[in-house]
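Sequential numbering from 1 along the given sequence is applied to the chain's residues.
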Amino acid sequence: MHAHDRTSTPSVRRVGAALSGVLLCAALAACQSSTSSDPDASSAPRGGDATQAAEKADPVRFALGVRNPNAMPIGQPVELTAEGGELTKVVVTAGDGTRLAGEVDGGTWLSTGRLEPGTDYVARSSAVRSDGQEVTRPVRFRTQELTLDQQTYPSVAPLAGETVGVGMPVVVTFDVPVSDKAAFERHMTVTSTPAQPGTWHWMSDNEAHYRPRTYWQAGTDVSVDIDVNSVPAGNGIYGQKSRTVDFQVGDAHVYKVNAQTHQMQVFSNGTLLRTLPITTGKPGFTTRSGTKVIMEMFDERRMNSETVGISADDPEAYDIDDVQWAMRLTYSGEFIHAAPWSVGSQGSANVSHGCTGLSTADAGWLYAMSRRGDVVEYTGTDRWMTLTNGYGDWNASYADYKAGSALS
């Protein structure tokens, strides 16, 4: 009896072990079947009840509101919805990790930020399924490619960190024309400390200027924000890049030129420093009256009459290689510069071809204190400065200038 019991015990254990193994495999097989059959099982609890719930739950499908996700237009917001679930969260990032701003509203996620052209994006979208489980999946898209001809780049003057005169306008030049000026102007801001009212004025489809109501206050800090990246410019054109430029306004230099008395009064912060004898344009080459602003400065510059429409065989022709202390006032060729050849007429007669001539010593002294943006106010002639001939921004009333804004 005891011998029989000892010999039969191992067989019973082997049978029991085998039976346990069969039951374990069956249990594992049931778990694996539940995972593979439920597309959203990664976010659902395990077990038989969860499997049944998943089978009853509506599938969640995330959809972009665009026909071709491989050419997402950058001029419209990204729209993402969830079918079969309640959209709760969307995080959209570009390949470089930059996040696209947006928010869920009424079951739809809409972007509030701007897209970059030719860029891959991933929208990690989450929604609550009908069984109460949250499902998260990536939705991928790529924005449309743009050529350089479909983008416009803004160049800004003054330069970053530059100190300018009180008459300096902000000048933004676009290399491709802007037809939707209002859309761009809404993203172009100028702030100043101390605060001073001002306005934009579009000189052309390629150029916008900004000036305050009156000359800048000396010592003003100015910040320019041209936030036009990916903003539609019209005609299938978009802003290529945003620009931010900070500059400073220096002392208030205002030079008053009277072409009849042949004198220039030099004021700095309201104080008269010197009165200089000058000569301006002779008959046929009358210097323009009005307010001009120094645009460029050259220690030395060649001046050739052919650049202002006087041919080489004309008796009035000139070609001077090394004119000193030249400061440009107009696109049409008016400068303040040293004119040692006309010293005998300075203070008594107008003998130039339109420029304002001084002695070399006086021109050098004036040049040394001057900077781009300083103001030169001309009187005494019947030929008038225009708004677009250089930085002619001060030759219109503030009301008329403001009328040139796309938002006026």
Side-chain angles (χ1 to χ4, degrees), residues 75 114 151-235 237-250 252 290-296 329-331 372-375 385-408:
R114 280 171 259 152
Q151 301 176 80
T152 185
Y153 180 86
S155 298
V156 182
L159 302 176
E162 185 176 358
T163 298
V164 298
V166 296
M168 183 70 194
V170 175
V171 179
V172 183
T173 306
F174 299 97
D175 62 350
V176 177
V178 175
S179 57
D180 194 345
K181 298 179 181 65
F184 262 41
E185 195 174 323
R186 290 188 187 97
H187 293 89
M188 296 162 51
T189 58
V190 177
T191 55
S192 61
T193 305
Q196 293 149 72
T199 183
W200 289 100
H201 181 102
W202 288 84
M203 300 292 180
S204 69
D205 289 349
N206 292 81
E207 188 169 321
H209 288 203
Y210 179 98
R211 54 157 268 204
R213 184 186 298 275
T214 58
Y215 298 149
W216 295 108
Q217 295 178 35
T220 298
D221 292 321
V222 184
S223 181
V224 182
D225 187 7
I226 310 300
D227 184 24
V228 297
N229 184 48
S230 296
V231 172
N235 295 327
I237 309 299
Y238 297 87
Q240 183 178 355
K241 187 176 181 179
S242 294
R243 303 287 310 282
T244 300
V245 172
D246 297 330
F247 66 92
Q248 296 77 43
V249 178
T291 302
K292 303 167 191 175
V293 173
I294 295 174
M295 303 166 58
E296 296 179 285
L329 301 178
T330 70
Y331 293 134
R372 180 160 71 149
D374 284 345
V375 177
M385 179 66 176
T386 58
L387 196 67
T388 58
N389 189 7
Y391 298 162
D393 303 76
W394 303 100
N395 294 284
S397 68
Y398 185 71
D400 288 345
Y401 192 85
K402 189 174 182 178
S405 162
L407 302 179
S408 63

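Side chains of Arg211 and Trp216 form no contact here, defined as non-hydrogen atoms less than 4.5 Å apart. Residues Met203 and Leu387 are in side-chain contact: their nearest non-hydrogen atoms beyond the backbone lie under 4.5 Å apart. With contacts defined as side-chain heavy-atom distances shorter than 4.5 Å, the pair Val293/Leu329 does not qualify. Taking 4.5 Å as the limit, some side-chain heavy atom of Val156 sits within range of a side-chain heavy atom of Ile226. A 4.5 Å side-chain heavy-atom check between Tyr331 and Thr388 finds every atom pair outside the cut-off. The side-chain heavy atoms of Val172 and Phe174, taken from C-beta on, include a pair separated by under 4.5 Å.
When all heavy atoms are compared, the tightest approach of Tyr210 to Gln196 is OH-O, 4.3 Å. Closest approach of Ala252 and Ala218 over heavy atoms only: N-CB, 3.9 Å. The minimum heavy-atom distance linking Val224 with Asp246 is given by the pair N-OD1, 4.2 Å. The two residues Ala208 and Met188 come nearest to each other via the heavy atoms CB-CE, 4.0 Å. Heavy atoms only, all atoms of each residue included: Pro154 and Val228 are closest at CG-CG2, 4.1 Å. Of all heavy-atom pairs between Val245 and Pro158, the closest is CG1-O, 3.4 Å.
Judged purely by atom type and a 3.5 angstrom limit, Asp225 has no side-chain atom pairing as donor or acceptor with the backbone of Thr189. Under a 3.5 Å cut-off, the side chain of Arg114 and the backbone N or O of Asn229 do form a donor-acceptor pair. In this structure a side-chain-to-backbone donor-acceptor pair under 3.5 Å is missing from Thr220 to Val249. Checked by atom type and distance alone, the side chain of Ser223 never pairs as donor or acceptor with a backbone atom of Ser192 at under 3.5 Å. Between the side chain of Thr163 and the backbone N or O of Gln248 there is no donor-acceptor pair closer than 3.5 Å.
The CG atom of Asp227 sits 10.5 Å away from atom CZ of Phe184, with the distance rounded to the nearest 0.5 Å.
Within the structure, side-chain hydrogen bond (donor to acceptor under 3.5 Å, both in side chains) pairs that include any residue of residues 198-207 comprise Lys181-Asp205, Glu185-Trp202, Glu207-His209 (at least two apart or interchain).
For Asp221, the CG atom counts as densely surrounded, since its 6.0 Å shell holds more than 12 non-hydrogen atoms of other residues, nucleotides or ligands.
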Q.
Tyr215 vs Trp394, test: ring pair (Phe, Tyr, Trp, His ring centres under 6.0 Å). Steps then yes/no.
A. CA-CA 9 Å; Tyr215 298 149; Trp394 303 100; 4.8 Å; yes
Q: Could you walk me through whether Val171 and Tyr391 pass the side-chain contact (heavy atoms from CB on, under 4.5 Å) test, one step at a time?
A: CA-CA 9 Å; Val171 179; Tyr391 298 162; 3.9 Å; yes
Q: Go through Val170 and Phe247 one step at a time and tell me if the side-chain contact (heavy atoms from CB on, under 4.5 Å) criterion holds.
A: CA-CA 10 Å; Val170 175; Phe247 66 92; 4.0 Å; yes
Q) Can you check salt bridge (Lys or Arg N to Asp or Glu O under 4.0 Å) on Lys292 and Asp393, steps first, answer last? A) CA-CA 8 Å; Lys292 303 167 191 175; Asp393 303 76; over 6 Å; no
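Arg243 meets the salt bridge (charged side-chain N to carboxylate O under 4.0 Å, His left out) test with no other residue; sequence neighbours excluded. In terms of the salt bridge (charged side-chain N to carboxylate O under 4.0 Å, His left out) criterion, residue partners of Glu162 (sequence neighbours excluded) are, by chain and number, Arg372.
Using modelled atom types and a 3.5 Å distance limit, the side chains of Asn389 and Thr386 yield no donor-acceptor pair.
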